[in-house]
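The structure under discussion appears below in the form of structure tokens.
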Amino acid sequence: MKALEEQFFYTDMKEISREDLIRNMNEGKEAFSLQLTKVYDTATVTAKPNCELSQKDNYFAKDYDMTVKREGKPDHTRNYKFNWSNPVVVKNAEGFEKKQWINSTLTFKEAFNQMEGRAVNKDYVFVDAKEPKNNRKYNAWEYIDFTKPDQNGVCPVVKEYNFDLEKKFEGVPLPVLENEKTAKEFFDSLKRGNIQLADYKKPDGTIDKMYFEANPKHDIVNQYDKDMRPVLLSIKAQQLPTENPTEQKDQKEVQSKNEGKENRKTENNDPDGEEEKTKQKKGQRIRA
């Protein structure tokens, strides 16, 4: 009972009916399924954990079937495994070794996000069956490749290893990134596959609401306005410092006097040349 409840807790399924769980266990079934439904905007999402009785007469959750329903669209169902936790030996800040347990099971929301076409970032373990001390931790982004279904219509999962999310946001003027705590929450949300809302500080100092979405497949971050319409942002405009308007006026006057009236020029807000724009179907690449 405790093991099952822990599995549901850590996969964001703690709302599963405890009464249904106890009833099925008391009936002594070798296998049974439970159900949990959540609603995200226009999507009704149902997970059905499949539980089995082990050889030691303990129940465990083997996998779960997730179904996404939307009005006027065909249902989409996919199976997800409950993975066992695996140990790795890591060193703490003082240099001492300690054991860390890692479980790469996708949570309810992460599985939904992946089925919506977004990527999820997880830690994984390369397991050395002969010598557990040689287990190695690694990190990857995982998404579904909907372009390559097999003969049963099941699309494969692809892992991307070299997508540095934090680096993509270097120089991007988001107030949320100015604080270590809020920056971590922002990146953690994106790594769970969420489309994350944030304030964007424009070169003139005004604030716009924008949504961001990690896209490791194309090595970019997709960007949308507050109405979820894809937008293109000027990278050079993002990285221009916000100056005091009075200082800008004084600098123009000095420059104008030095150059003379006949050679007066209009100040160029893009000193490096033409603004670089990178078009992408769902948004725009934020270059590191």
Looking only at heavy atoms, which two atoms of Tyr80 and Ala111 are closest? And how far apart?
-> OH-O, 3.5 Å
From Asp65 atom CG to Ser33 atom OG, the distance as rounded to the nearest 0.5 Å = 7.5 Å
Do Asn121 and Asn139 have side-chain N/O donor and acceptor atoms under 3.5 Å apart?
-> yes
Side chains of Thr67 and Thr46: is there a donor and an acceptor less than 3.5 Å apart?
-> no
Flag side-chain contact, heavy atom, 4.5 Å: Leu4 against Cys51 | yes
Under a 4.0 Å N-O cut-off, is there an ion pair linking Glu5 with Arg18?
-> yes
Taking all non-hydrogen atoms of both residues, which atom of Leu177 and which atom of Ala183 are closest, and how far apart?
-> CA-CB, 3.9 Å
Please check if any side-chain donor atom of Tyr40 sits under 3.5 Å from a side-chain acceptor atom of Glu116, or the reverse.
-> no
Between Glu160 and Tyr143, does any side-chain donor sit less than 3.5 Å from a side-chain acceptor?
-> yes
Are any non-hydrogen side-chain atoms of Phe8 and Leu34 less than 4.5 angstrom apart?
-> yes
Taking the side chain as every heavy atom from C-beta outward, state whether Lys122 and Leu106 have any atom pair closer than 4.5 Å.
-> yes
Give the intermediate values and the outcome of side chain to side chain contact (heavy atoms under 4.5 Å, CB included) for residues His76 and Met115.
-> CA-CA 8 Å; His76 181 199; Met115 291 178 68; 3.7 Å; yes
Taking every heavy atom of Arg136 against every heavy atom of Val88, the minimum-distance pair comes out as C-CG1, 4.0 Å
For Val157 and Gln114, which heavy atoms make the closest approach, and how far apart are they?
-> CG2-OE1, 4.4 Å
For side chain to side chain contact (heavy atoms under 4.5 Å, CB included), just list the numbers for Gln196 and Phe186, CA-CA rounded to whole Å, side-chain angles, deciding distance to a tenth of an Å, and then say yes or no.
-> CA-CA 7 Å; Gln196 185 62 37; Phe186 175 77; 3.4 Å; yes
Are any of the side-chain heavy atoms of Leu53 and Phe60 separated by less than 4.5 Å?
-> no
With side chain to side chain contact (heavy atoms under 4.5 Å, CB included) as the test, would you mind laying out the steps for Leu174 and Met210 before giving the verdict?
-> CA-CA 10 Å; Leu174 302 183; Met210 291 193 61; over 6 Å; no
Is Lys14 atom NZ crowded by more than 12 heavy atoms from other residues, nucleotides or ligands, each under 6.0 Å away?
-> yes
Taking every non-hydrogen atom, the tightest pair across Ala140 and Lys159 = CB-CD, 4.1 Å
Tyr200 and Gln223: side-chain donor and acceptor closer than 3.5 Å?
-> no
Step through it carefully: locate the ring centre of Phe82, locate the ring centre of Tyr64, and say whether they are under 6.0 Å apart.
-> yes
Using a strict cut-off of less than 4.0 Å between a Lys/Arg side-chain nitrogen and an Asp/Glu carboxylate oxygen, indicate whether Glu27 and Lys29 qualify as a salt bridge.
-> yes
Going by heavy atoms in the side chains, are Cys155 and Asp145 under 4.5 Å from each other?
-> no
Near Lys109 NZ, under 6.0 Å, is it more than 12 heavy atoms from other residues, nucleotides or ligands?
-> yes
With a 4.5 Å heavy-atom cut-off, do Tyr161 and Trp141 have their side chains touching?
-> no
For the residue pair Asn103 and Ser85, confirm or rule out a side-chain donor-acceptor distance under 3.5 Å.
-> yes
Asp128 and Lys130 ion-paired at < 4.0 Å = no
Modelled atom types, side-chain donor and acceptor of Lys62 and Asn50, under 3.5 Å = no
Tell me, with the steps shown, if Lys38 and Asp12 meet side chain to side chain contact (heavy atoms under 4.5 Å, CB included).
-> CA-CA 11 Å; Lys38 299 183 181 184; Asp12 195 24; 3.3 Å; yes
Do Ile195 and Leu190 have side chains that get closer than 4.5 Å, going by heavy atoms?
-> no
Would you please indicate if the ring centroids of Tyr224 and Phe212 are separated by under 6.0 Å?
-> no
Ion pair Lys209/Asp199, N-O distance below 4.0 Å | yes
